[in-house]
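Notes for the one structure printed next.
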Amino acid sequence: MQLGLIGLGKMGGNMRERIRRAGHTVIGYDRNPEVSDVKSLAELVEKLDAPRNVWVMVPAGTATQTVIDELGDLLSPGDTVIDGGNSRWTDDEKHAAALGIKGIGFVDAGVSGGVWGLENGYALMVGGDKENVDRLQPIFEALKPEGPYGYVHAGRVGAGHFSKMVHNGIEYAMMQAYAEGWELLEKVHSVENVREVFRSWQEGTVIRSWLLDLAVNALDEDEHLEKLRGYAEDSGEGRWTVEAAIDNAVPLPAITASLFARFASRQDDSPQMKMIAALRNQFGGHAVEKKD
């Protein structure tokens, strides 16, 4: 199967490689000519056979809007655009409507896997019409982890990004819990080996998880996280999750508190946010702020 892939950064570049390993043809475009297969979006579209499938993997907001607008002028009826970035689900509905007028299909895909996805696979939450989703199934199968799990057609347009948004909200709360526990253990004099306490939780406990494994990785690299500044960004999806909870009258005290904790980290050097920053760097390659 052929796929055009726009955006070859930390995730997009690895996704291109994983899809190619599965035997599919991927033509990638990026503003960085050193990693791009073509020189422009127009050339990418020209090299694809109809009906074309083009996956957009660029930052949410203006960048995604610009690319989708340009694709709307380049593609033909019967083609399909997949937005695999972290767009807000309400944007999906607008993109689907604008492209639909031109006969172009639209699918939104929430993608989780970060810098580990090339080898482990990417969890995919997909929204869109069944006809469009079914046609793209070979690509989803190439990207997902091996085994029966890791992929879902979550529902209509917007469902994929809404599901990924909630996933990230839960991720906020889980990381905050590990960070709070880590700070408390570090504070108590009787606990002399906090890193190994975390390591002991990796087997046989109800709180074992991949995030816990990544926390141990981070502590192996910097046992007391002394090299990091206690500052953690939020990607926007935590805010959107809380806003959606308010709109739907659903109480989210843990997720909301974890979001506010990140805001607090920008006021002083928070020990908990050192762990949050370390975890975000471990799973997503997100930038961390080093101490001077």
Side-chain angles (χ1 to χ4, degrees), residues 11 58-65 82-97 106-114 122-129 133 149-184 206-207 209-212 214-215 230-268 270 272-273 275-284 286:
M11 284 188 68
V58 301
T62 302
T64 294
Q65 185 68 59
I82 309 99
D83 180 6
N86 284 330
S87 295
R88 189 166 181 154
W89 82 98
T90 50
D91 290 340
D92 295 328
E93 296 166 356
K94 292 185 289 186
H95 294 154
F106 179 84
V107 170
D108 60 288
V111 182
S112 181
Y122 299 87
L124 302 171
M125 296 140 273
V126 177
D129 294 342
V133 172
Y149 307 115
Y151 163 80
V152 62
H153 181 189
R156 65 186 66 179
V157 166
H161 281 145
F162 193 94
S163 299
K164 176 58 162 46
M165 177 194 75
V166 174
H167 163 282
N168 281 24
I170 294 170
E171 174 190 297
Y172 272 48
M174 291 176 66
M175 289 196 293
Q176 184 65 27
Y178 284 128
E180 291 175 7
W182 172 77
E183 182 180 359
L184 182 57
V206 297
I207 63 167
S209 71
W210 187 39
L211 276 176
L212 178 61
L214 295 177
Y231 179 99
E233 287 286 358
D234 65 286
S235 63
E237 288 166 300
R239 301 185 190 209
W240 300 342
T241 305
V242 172
E243 290 170 2
I246 293 170
D247 292 341
N248 291 277
V250 175
L252 299 185
I255 292 174
T256 303
S258 67
L259 174 64
F260 285 177
R262 294 199 185 186
F263 296 161
S265 79
R266 296 161 200 180
Q267 299 171 349
D268 52 34
S270 164
Q272 292 173 23
M273 286 305 127
M275 177 59 76
I276 299 294
L279 282 168
R280 295 180 79 241
N281 179 256
Q282 285 286 323
F283 68 72
H286 300 289

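All of these numbers come straight from a predicted model, not from anything done at the bench. Side-chain atoms are counted along with the backbone in the values below, which use heavy atoms only and exclude waters and symmetry mates.
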Give a yes or no answer on whether the side chain of H161 reaches the backbone of D91 with a donor-acceptor pair at less than 3.5 Å. no
So which atom in S163 and which in A159 form the shortest heavy-atom distance, rounded to 0.1 Å? OG-O, 2.8 Å
What distance separates I276 CD1 from W182 CH2, expressed to the nearest 0.5 Å? 10.5 Å
Nearest 0.5 Å, please: how far is CE in M165 from CD1 in I170? 10.0 Å
On a heavy-atom basis, which atom in S87 and which in T64 lie closest, and how many Å separate them? OG-CG2, 3.8 Å
Nearest atoms (heavy-atom pairs only) where L252 meets T256: O-OG1, 2.7 Å
Grab the two heavy atoms, one from L279 and one from L211, that are nearest each other, plus how far apart they are. CD2-O, 3.3 Å
What pairs of residues pass the side chain to side chain donor-acceptor pair (under 3.5 Å) test when at least one of them lies in residues 150-159, not counting sequence neighbours? Q137-Y151
Can you pull the side chain to side chain donor-acceptor pair (under 3.5 Å) pairs that have at least one residue in residues 168-179, sequence neighbours excluded? K164-N168, N168-E237, Q176-E180, Q176-Q272, Y178-S209
Between G113 and W210, which heavy-atom pair has the shortest distance, and what is it? O-CH2, 4.2 Å
4.5 Å side-chain heavy-atom contact, M175 and R262: yes
Least distance between heavy atoms, V157 atom then A96 atom: CG1-CB, 3.8 Å
Donor-acceptor check, side chain of S258 to backbone of I255, threshold 3.5 angstrom: yes or no? yes
Under the 3.5 angstrom rule, does the side chain of D108 hit a backbone N or O of G160 as a donor-acceptor pair? yes
Min side-chain heavy-atom separation V111-L124 under 4.5 Å: yes
